[in-house]
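To start, the structure itself, in structure tokens.
Read the numbers this way: they start at 1 and go in the same order the structure lists the ligands and their atoms. In what follows, every heavy atom counts, from backbone to side chain, and hydrogens, waters and symmetry copies are set aside.
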Amino acid sequence: MKILQDYSLNELQELMLQYGEQKFRAKQILDNLNLGKSISSFTNISKELKGKLLNEFADLPLKIYTEQHSKDGTIKYAYELSDKNIVEGVLLSYKYGNTLCVSTQVGCRMGCKFCASTLHGLVRNLTAGEILAQVLTVNALLGGKIGKHRKITNIVLMGMGEPLDNYDNVVKFIRLVSAPEGLNVSPRNISVSTCGIVPNMYRLADEGLPVILTISLHAPNDTLRKSIMPIANKYKISEIIAAAKNYFNKTGRRVVFEYALTDGINNTPECASELARLVKGFPTHVNLIPLNEVSERDLRTVTHKQAEKFADFLKKYGISVTIRRTMADDIDGACGQLRNSIVEEK
Ligand code: SAH
């Protein structure tokens, strides 16, 4: 079944004309969708139009399958899609607002050694509307509406999947969620995280969407990177850095590098100085993440002390750096963990 949330206002207007309906119905439908409503619960359109829609479109693109609440307030959701596939998301609440982490694919084909999302490969891409529906569903669950009554203030594409491996749907999602007649989340409050698919980093720089580009680097040289991230066999770190500089030049946005600290692998002082040399010279920020240990994977995390030591090395080189607070490690916090536990149960 098709996904109604894939449609922009213009596309809904065309659909109404095809249906022989009046154009203004499109906005009524969009207003309902923005509130996270299922087609069958729309109250301001005729039974006949509802019937036509339900013939063609899933009543709801997804529903919440389970929730896990962490002691630190983080909530992890598993969503069931209309074809019964499961994807996951995380809601992080801060003083300034709520950040929702969304998935872009069912599974992932990137094969990173430390990541649970990729253990069973890629099942399929999510459509733009399925990514959007994650935001609409949680926004509604929190009692949010649209515009300034929105509850979701920031979005990070850091759930399951590689966003730049599902490029067209991801860009369409960003356009839909930032549209004034949609939730109207500024692209400036949206982060797109990538393992470094270089050609699509260049394309993204030219979309006119000033999102934050976050690059999962995790290693400061190609040899080490190849041992943990297969994508490193395709693109060199030097190519990633060149694409990151281009992104900054085109969008004016500083680029964020993610670096998951793994004990004995990438946390030596030599790694820190190599990393510093890479990210120096243009506006960047390094986000250190103590590895979230995944039971299927044989990699160990670092202590907070070790992470601070690594951060101090980087600071000496004048690098802007933060250590991401480890959240939700009492639940299936690492991306892909919750889905894996559900798929195994199912
Ligand atoms: N595919 C995208 C986005 C999804 S993952 C990417 O690679 O950026 C979001 C972030 O979590 C990435 O930086 C990813 O490398 C990191 N990550 C995955 N598994 C992790 C784990 N077990 N511990 C810490 N970070 C992890």
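- Exactly one of E130, E11, E207 qualifies for a salt bridge (charged side-chain N to carboxylate O under 4.0 Å, His left out) with K172. That residue is E11.
- For ligand 1, the atoms sitting less than 4.0 Å from at least one non-hydrogen atom of V294 are 22 (N), numbered in the order shown with element in parentheses.
- Counting atoms of ligand 1 from 1 in the listed order, those under 4.0 Å from a heavy atom of C195 are 6 (C), 7 (O), 8 (O).
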Side chains of residues 16-25: which donor-acceptor partners sit under 3.5 Å, not counting sequence neighbours?
unit_1, atom_1, unit_2, atom_2, d
Y19, OH, E56, OE1, 2.6
R25, NH1, Q28, OE1, 2.7

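- Listed by number with element, the atoms of ligand 1 under 4.0 angstrom from any heavy atom of C115 are 18 (C), 19 (N).
- At a 4.0 Å heavy-atom cut-off, ligand 1 touches N292 through backbone and side chain alike.
- Of the listed residues (H218, M158, Q105, E258), the one carrying the non-hydrogen atom nearest atom 16 (C) of ligand 1 is H218.
- Tested against K76, the residues E88, E67, H69 include a single side-chain hydrogen bond (donor to acceptor under 3.5 Å, both in side chains) partner, E88.
- Under a 4.5 Å side-chain heavy-atom criterion applied to ILVMFWY residues, the cluster that includes V256 comprises I212 as well.
- Two rings, from F57 and Y7, have their centers less than 6.0 Å apart.
- Nearest residue to atom 1 (N) of ligand 1 from A116, G161, S103 is G161 (criterion: closest heavy atom).
- Rounded to the nearest 0.5 angstrom, T43 OG1 and K37 NZ are separated by 5.0 Å.
- Considering both main-chain and side-chain atoms, E293 never comes within under 3.5 Å of ligand 1 through any nitrogen or oxygen pair.
- For ligand 1, the polar-atom distance check finds no N/O of L291 at less than 3.5 Å from any of the ligand's N/O atoms.
- By the criterion of a heavy-atom distance under 4.0 Å, neither the backbone nor the side chain of T214 is placed next to ligand 1.
- In this structure, G159 has a heavy atom closer than 4.0 Å to ligand 1.
- Aromatic pair F257/H218: centroids not less than 6.0 angstrom apart.
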